[in-house]
Number of protein chains: 4
Amino acid sequence: MKIGFVGFGAQARENLIPACNTIYGVEIAAICDSDPAKCREAAKLFNFDESRVFTHHGEMMDKCRPDAVIVSCYPTEHYKIACDAIERGIPVLLEKPVASSYEDVIRLAEMAKRRGVVTASGMNFRFAEITERIQNIYDDSIQMISLRQMANKPVSALWDYDDLFKSFLHAQTIHGLDLLIHLCGPVKRLSVADNSTDNSIIFSVLLEFANNCHGTLITSNTSPHFTFDLDVLADNRLHIKSTSLNSLSVADLGKTYLQGETKRWCDTWAASPLSSGYARAGYTGEILDFITAIQSGERDSQTAFSTLIETYRCMDAIEKSCKQPATVNI
Amino acid sequence: MKIGFVGFGAQARENLIPACNTIYGVEIAAICDSDPAKCREAAKLFNFDESRVFTHHGEMMDKCRPDAVIVSCYPTEHYKIACDAIERGIPVLLEKPVASSYEDVIRLAEMAKRRGVVTASGMNFRFAEITERIQNIYDDSIQMISLRQMANKPVSALWDYDDLFKSFLHAQTIHGLDLLIHLCGPVKRLSVADNSTDNSIIFSVLLEFANNCHGTLITSNTSPHFTFDLDVLADNRLHIKSTSLNSLSVADLGKTYLQGETKRWCDTWAASPLSSGYARAGYTGEILDFITAIQSGERDSQTAFSTLIETYRCMDAIEKSCKQPATVNI
Amino acid sequence: MKIGFVGFGAQARENLIPACNTIYGVEIAAICDSDPAKCREAAKLFNFDESRVFTHHGEMMDKCRPDAVIVSCYPTEHYKIACDAIERGIPVLLEKPVASSYEDVIRLAEMAKRRGVVTASGMNFRFAEITERIQNIYDDSIQMISLRQMANKPVSALWDYDDLFKSFLHAQTIHGLDLLIHLCGPVKRLSVADNSTDNSIIFSVLLEFANNCHGTLITSNTSPHFTFDLDVLADNRLHIKSTSLNSLSVADLGKTYLQGETKRWCDTWAASPLSSGYARAGYTGEILDFITAIQSGERDSQTAFSTLIETYRCMDAIEKSCKQPATVNI
Amino acid sequence: MKIGFVGFGAQARENLIPACNTIYGVEIAAICDSDPAKCREAAKLFNFDESRVFTHHGEMMDKCRPDAVIVSCYPTEHYKIACDAIERGIPVLLEKPVASSYEDVIRLAEMAKRRGVVTASGMNFRFAEITERIQNIYDDSIQMISLRQMANKPVSALWDYDDLFKSFLHAQTIHGLDLLIHLCGPVKRLSVADNSTDNSIIFSVLLEFANNCHGTLITSNTSPHFTFDLDVLADNRLHIKSTSLNSLSVADLGKTYLQGETKRWCDTWAASPLSSGYARAGYTGEILDFITAIQSGERDSQTAFSTLIETYRCMDAIEKSCKQPATVNI
């Protein structure tokens with residue numbers, strides 16, 4: 001399978017291209033970046049001749065005829081690039097944020113559906129090793145989910161956005177919020193408590209899901225390090241915790257140990273000290289699912305644009321709530 | 001200082017009396033329990049003659065003339081016992097829940113104020129070692145506090161309450177909620193998401209404090225073990241975590257390490273492997289503060305009944321919100 | 001049961017007396033300290049009149065007739081005090097180090113045996129909660145045990161010893177070494193690698209036990225904090241770890257999880273966040289066993305002087321090896 | 001830089017080739033495997049025509065003229081392949097075990113030196129992120145190092161070895177032992193305690209290094225999971241711990257916190273939850289150093305064959321000691 005990359009920035013170099021390289025059968029066929037300097041850099045690094053490096057994504061699609069494109073540009077550019085791919089019937093994976101507005105996500109999803117083109121997005125947390133393990137642990141459904149996802153950026157507006165708060169939502173919150181919706185489904189009500197100031201963003205969201213589960217998303221750009229701290233209650237007996245993406249503990253009301261002793265024992269899982277590659281954080285999984293969907297010819301990917309609509313709807317609701325502080329029913 | 005105990009149940013035996021015994025200068029002068037069998041047991045264990053064991057608390061107060069009383073009975077009994085102590089001018093510490101209603105707490109606080117009697121309550125988390133450490137770490141104020149306090153009980157109504165939900169609030173929630181209020185002050189608004197069923201209680205509360213800080217309290221009776229998992233953001237640069245009452249980690253935006261490297265280093269504190277006694281969980285601290293307040297003759301204790309009014313107000317608001325599910329402004 | 005304490009220093013005040021106070025039915029009958037100032041302090045703290053405070057231990061034994069004595073003085077004084085108790089038929093618990101020499105331990109053990117007096121020693125690690133749990137986990141026997149027990153003291157000679165190295169052995173090493181011998185039995189061979197200098201002590205011991213198990217004891221006075229980090233292999237399938245005295249993890253070759261998955265899951269146990277008192281670190285257990293042995297009238301305590309002979313023999317071998325660096329067969 | 005791979009087994013596929021793929025400027029030029037089926041698989045996966053796939057390593061070297069070869073075959077084959085590369089002046093990286101005997105390692109090192117060819121080996125732990133961090137933390141030198149490296153394999157002889165014990169040494173022990181020697185230098189004396197039986201291997205090694213530092217290596221094939229648990233004392237004041245390859249804690253006698261408090265605070269570092277790729281476990285580092293050494297034209301790699309001689313000498317000493325159980329001076 002020949003893949004063309006659009007955008008040769010940090011995310012492409014550090015995660016997407018290396019993750020593709022670990023998947024046998026995938027070939028990096030061409031690279032496109034609107035910045036000629038980056039094109040020259042890519043050409044040199046990959047030992048690519050000029051037939052494989054482009055400054056215009058349409059030209060790359062037409063000349064190179066890739067089996068799929070993976071795009072990581074500014075969110076405002078994603079819409080046009082995705083349209084151009086969909087029109088040509090080329091499956092497209094957009095890095096997050098897939099678009100700069102809720103409306104654009106809906107339009108892209110509709111267009112892809114109409115044309116029957118597989119789409120995908122860089123929602124790697126859905127494929128993180130611990131996400132998949134958690135989904136295997138409970139039988140019925142999650143009753144409570146709480147995520148504390150702290151970060152130290154952004155501290156100024158990103159891309160060509162003019163707003164730090166929206167930049168934060170689209171760069172950070174999107175991951176945690178999308179994961180909660182991925183695990184618990186649509187949201188019927190949310191409340192936000194916010195005490196962000198000019199450059200610091202700190203807010204907590206209380207979410208009520210349509211399936212009666214509820215959750216909390218606690219997030220900030222003032223924590224020195226990225227942290228990911230998840231608690232889940234399920235099945236009226238399980239308490240699952242993951243304090244990073246590389247370990248899990250599961251407390252089960254029914255578990256016994258030591259001749260029937262039950263108190264204070266958990267099952268814990270930890271990634272191997274030698275754990276390597278791009279599977280643990282979900283990059284491999286998101287790309288592999290995209291490729292498998294294309295190859296199957298029968299299904300869309302699990303991160304299709306249509307699956308992001310609810311996430312964008314909730315980001316908008318959070319933004320609106322924070323700028324006009326009152327509980328918002330959505 | 002001579003102390004009389006009213007109530008000789010598990011909490012008195014396992015925590016309060018042993019904690020008193022670690023404080024030099026404190027004498028267990030008398031024990032009262034309305035159950036004659038427990039009185040006989042106490043007499044035997046402490047080698048007390050009949051002049052030091054009572055079935056009526058008033059008789060104990062009058063005959064033994066203790067310098068203070070420590071009471072751990074049913075919350076419905078606390079009101080009468082506390083009144084009897086206050087009327088006699090005897091300082092009184094009530095184990096939690098100090099009373100079965102918000103109104104009773106207000107009445108007791110007013111009575112104690114009028115009579116100038118020192119009161120205290122069993123809010124040990126306020127004096128837990130990590131609470132005191134956290135208060136020393138930040139300079140200005142907490143911006144966000146998130147507590148996940150899970151438990152496996154109660155699963156049926158406690159004491160002479162007829163309601164599991166209220167029992168849970170007064171037995172478990174009271175601790176976490178009181179700690180948040182202790183650290184962040186009065187609450188101006190709270191929202192609750194609740195999906196409790198008959199015997200399982202699972203709810204999350206989003207709290208907005210008068211000082212603009214906000215918090216989340218996530219709690220349940222379906223987790224197999226008691227857990228206490230706290231996150232705090234403060235000073236626009238600190239992220240403090242405590243995943244039990246015996247360790248802390250502090251991430252500080254300004255911290256450098258290894259020739260100026262800043263990424264992903266934290267300061268962590270852990271209790272000694274040999275940590276013993278009743279200070280770490282706060283039992284010693286709460287009693288010591290009570291005694292010191294009495295001895296000073298000049299101040300009330302830090303857990304005086306009056307300091308619990310806000311906690312009871314919020315418990316009532318949570319209860320009301322859960323039984324009539326809509327956001328409640330309080 | 002009336003207990004007389006000899007020595008009113010930090011260990012008695014902070015651990016032994018409070019631990020006794022948590023055991024119902026035990027009465028602190030008298031306190032002896034050769035320092036009159038400490039006697040006055042004890043009298044005031046306990047509200048004891050002069051009939052219960054002594055500067056001579058013999059006088060206390062004769063006048064107060066305690067059912068048992070608990071002694072925490074200088075190790076050089078322990079011999080005489082223990083002899084005086086044994087001669088009077090009074091059960092005696094000696095804090096560690098029970099004696100300043102291997103020969104004294106043997107003599108005391110023989111004397112106690114001859115007189116049929118119950119003896120005990122302050123080897124609290126044998127009764128620590130994790131020790132007892134570990135003993136319940138394996139079926140057959142330990143195959144490998146490795147303890148890293150680091151400390152930040154002593155940094156100068158203790159008591160009336162004139163040697164830092166011996167002080168370190170008798171104050172710190174004794175605990176870890178005794179625990180290994182308690183769990184694995186007599187030692188048939190040991191090798192030491194030592195690079196201690198004047199004030200810093202750093203050595204590692206490789207131990208081969210008579211039962212073919214082997215172990216390592218790694219210790220130092222240059223670590224900023226006391227740490228206790230234990231690994232055990234047993235039954236050809238269990239890997240047990242405890243990185244402090246309040247948690248355990250058990251990896252078991254046979255364990256399955258998640259539809260038969262076996263990789264990287266462990267069972268873990270952690271003490272309650274509210275864990276209080278003197279049981280977890282073993283102080284309660286060592287005293288309770290002493291008392292129970294006395295009351296039974298049929299057995300010696302599990303920490304009887306005789307059980308310390310092997311520990312002292314190995315401490316001597318380590319000391320000899322370090323001062324004359326060559327592998328020593330013992 | 002064009003790289004030819006010899007051996008297309010699990011280690012090449014899962015770690016070495018993907019790690020190479022993350023290094024820009026490196027091209028997988030050819031793949032060789034003596035098994036034609038694996039060659040066909042490689043050809044298909046990489047979309048290679050027959051000019052880039054080989055069953056004979058000499059032919060690959062001659063026809064493809066790679067700038068370097070990376071070899072992961074049976075250790076008994078490594079000698080011949082390395083000789084053939086060295087004779088042709090082609091830099092060669094051998095996966096561990098680089099050879100099946102101490103003598104072969106010496107011969108290969110001498111040959112490479114004579115021909116001035118850069119060599120390297122798959123000692124990824126030397127380049128693991130925590131190894132590099134540890135080396136930056138201490139000023140002077142390590143005083144004590146203790147590694148518990150447990151595994152669950154091999155449980156039968158590997159490659160064409162006829163001996164499980166030697167297979168375990170060359171597959172597992174080599175990593176930990178090599179790391180200790182990498183950090184502490186040549187060994188002057190070692191003692192082994194071994195209680196391996198037919199299929200289970202459990203032994204501990206006490207190592208004294210020429211620089212007076214000492215260490216312990218504790219290892220087994222009976223632990224359910226691979227674990228890596230390292231303690232280091234250095235500079236008479238530092239206690240460094242790493243309980244996996246993704247976190248570190250550093251206790252420093254001089255560290256203060258909270259208005260001068262020093263007790264029980266550590267500095268801790270943890271890999272990002274999103275940490276991906278092959279750098280953390282050292283695969284990227286070992287290959288990058290090899291390439292950089294080749295490109296510099298002035299130095300050998302840091303994992304040159306010559307740097308493995310001491311490791312093989314000690315493996316032989318351990319093997320001899322275990323088969324003839326008495327302390328061995330080496």
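Here is how names work: the chains are called A, B, and so on, in the same order as the sequence lines, proteins then strands, and each is numbered from 1.
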For this session: Return the option, out of D/Tyr278, D/Tyr283, D/Phe125, D/Phe226, with the maximum number of heavy-atom pairs under 4.5 Å with chain A.
Result: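 Looking at each option in turn, the highest pair count goes to D/Tyr278.
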Exercise. Below 4.5 Å, heavy atoms only, C-beta onward: do D/Arg280 and A/Ser275 meet side chain to side chain?
Worked result: yes
Exercise. Does D/Asn21 reach the side chain of A/Thr22, with side-chain heavy atoms less than 4.5 Å apart?
Worked result: no
For this session: Give me the contact list for residues 24-42 of chain A versus chain D, heavy atoms only, anything under 4.5 Å, ordered by residue number.
Result: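 Checking residues 24-42 of chain A against chain D gives A/Tyr24, A/Gly25, A/Glu27.
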For this session: Would you please test D/Asn15 and A/Leu274 for side chain to side chain contact (heavy atoms under 4.5 Å, CB included) and show each step?
Result: CA-CA 10 Å; D/Asn15 290 314; A/Leu274 292 168; over 6 Å; no
For this session: Using non-hydrogen atoms and a 4.5 Å limit, figure out which bit of D/Ser247 sits close to chain A: side chain, backbone, both or neither.
Result: neither
Exercise. If you tally heavy-atom pairs under 4.5 Å against chain D, which of A/Ala271, A/Ser272, A/Gly277 wins?
Worked result: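 The residue among A/Ala271, A/Ser272, A/Gly277 with the greatest pair count is A/Gly277.
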Seminar exercise, completed: When the 4.5 angstrom heavy-atom criterion is applied to A/Phe46 and chain D, the contacting part is side chain
Problem set entry | Residue A/Ile17 versus chain D: region with a heavy atom under 4.5 Å | side chain
